[in-house]
Amino acid sequence: MTRKIILDCDPGHDDAIAILLALSSHELEVLGITTVYGNVGLEYTSRNARIMVELAGKTTKVFAGASRPLLRERISAENVHGKSGLEGPVFDEPKLPLEAQHAVQFIIDSIFEHPNEVTLVPVGAFTNIALAMRLEPKIIPLIGEIVVMGGSTTLGNTSPAAEFNILCDPHAASIVFSSGVKLTMFGLNLTHQCLATPDRVAKFKALNSRVGNVTVQLLEFFKLAYNKRYGFAGPALHDPCTIAYLIKPELFTVQNMHVEVDVLPGPSFGRTVCDVWDVTGKPANCDVAMTADADGFFDLLIERLGTLE
Ligand code: RIB
Ligand code: CA
């Protein structure tokens, strides 16, 4: 049976590859793609999501959501993704229209239409998910599960303590982590194990397809920030890890633990406080991804993107 998902994203280079993986995988039924501010502003993330749907040769509906966080000021990551959020390849403007319905209402309606069957996959700020939970609390027990890219059991990437998606909107993240919904977290401790190194990029190039070539161009731009800051041989493919997990969970190991988000002002604002050693005795609320079969992950990614033109 296919799994129904809503991918909530802020494309962004890695979001873009996550969209391609989701739309090329028969195990998943993408009910819709919802967009949120994050790497770049909402107008760009909504444009970029439609560009990637068209590149995949699909007509999946795209719904725009929140343009700013619940409480804090908006931050962004043009320094990593460029002004448009998809620097590298040259794209025509998308023809696929943006849906008139707000993303938050689409999320609510989808969950009521498919109770206990929808997996929410937020890979940007969690603002849309939090707003849906606050606007219509009745959906909370009807959400199948939530698989997020965000947080870290170790260091942050946007502050020493906080990962970007969480720091974008710690209050929204706290609502999601404390919701009681079945939750799986792919944090930087995991995603930094999945680097698009030159030998792996060469396999995308060898696809010799428009999708393969665009992916190479995206990765060539995306790697600049990772080479400069971390000295990594390639960029971390954060967001596609969530999709790969839904398709082939055996590529990853997870550990059940208590996770909470620090929402207090200060150097740890936005940190995912992960009780890896169960020192608090607080009830576990999250499966945290701890190890990845990186070669297996990229084999899956290349195989699935190879089915697109
Ligand atoms: O910290 C990495 C995350 O922030 C990824 O989802 C990336 O796309 C950005 O949204
Ligand atoms: Ca993202």
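All heavy atoms count here, side chains included; hydrogens, waters and symmetry mates do not. In listed order, ligands and their atoms are each counted from 1.
- Here D14 has side-chain heavy atoms under 4.0 Å from ligand 1, and that is the only part of it that gets that close.
- In this structure, the ring of F63 has its center no less than 6.0 angstrom from the ring center of H102.
- Of the heavy atoms in N157, only side-chain atoms (C-beta onward) come closer than 4.0 Å to ligand 1.
- When ring centroids are compared, H13 and F221 come within the 6.0 Å threshold.
- Aromatic ring orientation, F232 versus Y230: parallel (interplanar angle below 30°, classes split at 30° and 60°).
- Close approach of ligand 1 to N165 (heavy-atom distance below 4.0 Å) involves ligand atoms 3 (C), 4 (O), 5 (C), 6 (O), 9 (C), 10 (O).
- Using a 4.0 Å cut-off to heavy atoms of F164, the atoms of ligand 1 that qualify are 1 (O), 4 (O), 9 (C), 10 (O).
- In plain terms, the two heavy atoms of S25 and R304 that are nearest each other are OG-NH1, 3.1 Å.
- Near D15, meaning under 4.0 Å from one of its heavy atoms, ligand 1 places the atoms 8 (O).
- If you check each of M149, H13, E163 against atom 1 (O) of ligand 1, the one with the closest non-hydrogen atom is E163.
- Within a 6.0 Å sphere centred on NZ of K203, other residues, nucleotides and ligands contribute 12 heavy atoms or fewer.
- Side-chain contact of D8 with T34: a donor-acceptor pair under 3.5 Å is present, judged by distance alone.
- Salt-bridge check for R68 with E73: failed, with every basic side-chain N at 4.0 Å or more from each acidic carboxylate O.
- At a cut-off of 3.0 Å, V123 is counted among the residues with an N, O or S atom near the Ca ion (ligand 2).
- Classification of the F126-F177 ring pair by plane angle, with boundaries at 30° and 60°, yields parallel.
- Each of the atoms 2 (C) of ligand 1 lies under 4.0 Å from some heavy atom of H238.
- Atom 6 (O) of ligand 1 has as its closest protein heavy atom D239 OD1, 2.6 Å.
- One option in T191, I166, L188, N39 has a heavy atom closer to atom 9 (C) of ligand 1 than any other, and that option is N39.
- As for D10, its N/O/S atom nearest the Ca ion (ligand 2) is the one called OD1.
- Minimum-distance N/O/S atom of D239 relative to the Ca ion (ligand 2): OD2.
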